*Asks:* 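Sharing a structure with you now.
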Amino acid sequence: MLLEEVPVAVDSFNHDGGVLFFCSHAHEDHLKGLNKKWRKGPLFASAITRQLLLLKWPSLEITALELGRTYQIPLMDGLEIEVYLIDANHVPGSVMFLFSGYFGSVLYTGDFRLHEKHQDIASLAPVRDLVGPFLQVNFGSFSKTGDKGLSRIYLDNTFCDPRFQQPSREDVAAAISKRFRRKWPCIIFVESYRLGKETLLLHLAQKLRSRVLVSEERKKTMRACGFESDQVQIQSCDPLQASEDLLQTEALRGCIWAISRQNLRKGMWQASDSGCAFHGIRATGWAEQARKEESMPSCEDLDENLVAVSDDGVFHYLYSDHCSFLELVQFLQFLPKAPVTFISPVGSSEGTYSFDGADGIQKLMASASVPSIRYSERPTRCFEKTSLPRAKRKAEGPHEEDGYEQKKSAGA
DNA sequence: GCGATCAGCT
DNA sequence: CACAGCTGATCGC
């Protein structure tokens with residue numbers, strides 16, 4: 001997104017209007033426009049994110065920024081911008097950016113999960129001191145109170161609806177290790193993306209006194225994230241390449257095996273064909289849908305954090321790398337009041353499991369006293385099947401991306 | 001031909 | 001649906 005206050009682009013790299021570029025973390029959907037030949041401007045990221053990007057594109061030029069200190073970076077025409085990185089507690093390397101300068105102070109959260117340390121953001125110098133005078137000149141609504149603080153918050157609104165009440169990742173990890181202690185030893189397949197859930201894998205391995213098995217690529221990723229330790233052995237091993245013999249050995253010994261979503265079922269079938277003891281774990285923020293779709297476990301087998309067990313034996317847990325709705329409210333309450341821009345487009349309430357974006361916006365404004373929320377609307381899904389080739393559809397013209405803003409006064 | 005991008009899917 | 005990808009088709013250098 002290109003910030004409106006200053007020509008800075010975060011997590012999107014196609015903007016010719018961008019002067020400085022920042023990457024909040026190395027998930028694929030935050031790297032749009034990046035490629036090995038990308039050279040639109042200076043690129044900044046945390047040291048870990050930089051390492052992860054270099055694994056993908058070794059020739060990229062990226063400046064690593066440390067967390068917890070202020071950097072002055074030249075912008076244009078003698079102007080500079082200050083930036084301060086904050087741990088976003090989302091995936092390894094993920095950060096929030098606090099930008100400040102002639103435009104005031106702007107917080108870009110990126111994807112994040114609330115952490116105690118986020119309370120300190122309000123006492124950081126750019127929020128506490130720097131912005132006041134600028135706000136009095138440039139921002140009418142703030143000059144009345146003379147508030148110091150933030151001129152805007154770009155917020156991770158992934159789960160901005162009261163129905164999202166995911167427990168802490170620590171609680172869920174503890175519940176998982178407790179449950180699987182009784183099933184030990186076995187192969188535990190843990191579905192995971194290319195980046196994320198490392199803490200869960202290591203927690204399980206530690207609690208079960210076992211090892212983590214990952215793909216070769218993921219082992220490099222974990223090394224770049226600094227996850228090598230003497231405590232837990234991380235072994236590279238592809239479950240789909242494993243021989244029957246190896247699967248049986250691993251099952252008898254017990255192991256935590258990271259596996260991609262599209263390979264989870266295949267891996268489980270192979271283990272099953274080899275006569276192994278195994279289980280699958282799906283730990284996602286969207287587990288609520290599983291509760292509706294899958295049969296629930298028998299009552300005596302229930303624990304609070306197990307969401308559902310599907311027919312084929314996959315255990316679904318509600319494990320989220322994004323804030324719950326309550327955490328979003330708490331986060332905003334830690335900060336000075338400021339207008340909010342949602343980072344992700346908002347959808348409507350159509351569809352069985354999608355939540356009502358408008359409702360979430362109203363609830364957030366009411367609960368956290370947000371003066372206004374700006375957001376773009378997710379294009380409504382076109383259910384009409386079109387058999388036209390892409391070139392022809394393209395010729396019919398692009399549709400506008402509409403922007404919206406809801407003000408507090410307009411609400412209930 | 002190949003890498004980048006997009007549509008479609010889960 | 002889609003947390004964040006993957007696959008296969010197509011674009012374009």
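Given the structure is predicted, the values throughout are model-derived calculations rather than measurements. Just so it is clear: chains get the letters A, B, ... in the order the sequence lines come, proteins before strands, and each one is counted from 1. Computed from heavy atoms alone, side chains included, the values below leave out hydrogens, waters and symmetry copies.
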*Asks:* Tell me whether the OP1 or OP2 atom of C:dA2 has a side-chain N or O from A:R378 closer than 4.0 Å.
*Replies:* yes

*Asks:* How are the rings of A:H25 and A:H30 set relative to one another: parallel (under 30°), tilted (30 to 60°) or perpendicular (over 60°)?
*Replies:* tilted

*Asks:* Hey, can you tell me if A:F331 and A:H118 have their rings parallel, tilted or perpendicular (30° and 60° cut-offs)?
*Replies:* perpendicular

*Asks:* What is the distance, to the nearest angstrom, from the CG atom on A:D156 to the P atom on C:dC3?
*Replies:* 10 Å

*Asks:* What residues from residues 24-38 of chain A pass a heavy-atom cutoff of under 4.0 Å to DNA chain C?
*Replies:* A:H27, A:E28, A:D29

*Asks:* If I take atom CZ in residue A:R169 and atom P in nucleotide C:dC3, what distance separates them, rounded to the nearest angstrom?
*Replies:* 16 Å

*Asks:* Could you tell me which residues satisfy side-chain contact (heavy atoms from CB on, under 4.5 Å) with A:P167, sequence neighbours excluded, listed by chain and number?
*Replies:* A:V172, A:N305, A:L318

*Asks:* Which residues pass the side-chain hydrogen bond (donor to acceptor under 3.5 Å, both in side chains) test with A:S94, not counting sequence neighbours?
*Replies:* none

*Asks:* With rounding to whole Å, what would you report as the distance between C:dC3 and B:dT5 at their C1' atoms?
*Replies:* 23 Å

*Asks:* What's the CD-P distance between A:E191 and B:dT10, to the nearest Å?
*Replies:* 15 Å

*Asks:* Closest-nucleotide mapping onto DNA chain C: is A:S260 or A:Y319 further toward the 5' terminus? I mean the 5' end.
*Replies:* A:Y319

*Asks:* Report yes if at least one side-chain N or O of A:R282 is closer than 4.0 Å to OP1 or OP2 of C:dC3; otherwise report no.
*Replies:* no

*Asks:* Is the distance between the ring centroids of A:F99 and A:F97 under 6.0 Å?
*Replies:* yes

*Asks:* Given C:dA4, C:dT7, C:dC3, identify the nucleotide with an atom nearest to the side chain of A:D111.
*Replies:* C:dA4

*Asks:* Is the gap between the ring centers of A:W38 and A:F21 under 6.0 Å?
*Replies:* yes

*Asks:* When the nearest nucleotide of DNA chain C is assigned to A:E217 and to A:A287 on a heavy-atom basis, which residue is associated with the more 5' position?
*Replies:* A:A287

*Asks:* Looking at every strand, decide which applies to A:R261 at a 4.0 Å heavy-atom threshold: base, sugar-phosphate, or nothing.
*Replies:* base

*Asks:* More than 12 non-hydrogen atoms from neighbouring residues, nucleotides or ligands closer than 6.0 Å to CD on A:Q233, yes or no?
*Replies:* yes

*Asks:* Side-chain N or O of A:H322 versus OP1/OP2 of C:dA4: is the shortest distance under 4.0 Å?
*Replies:* yes

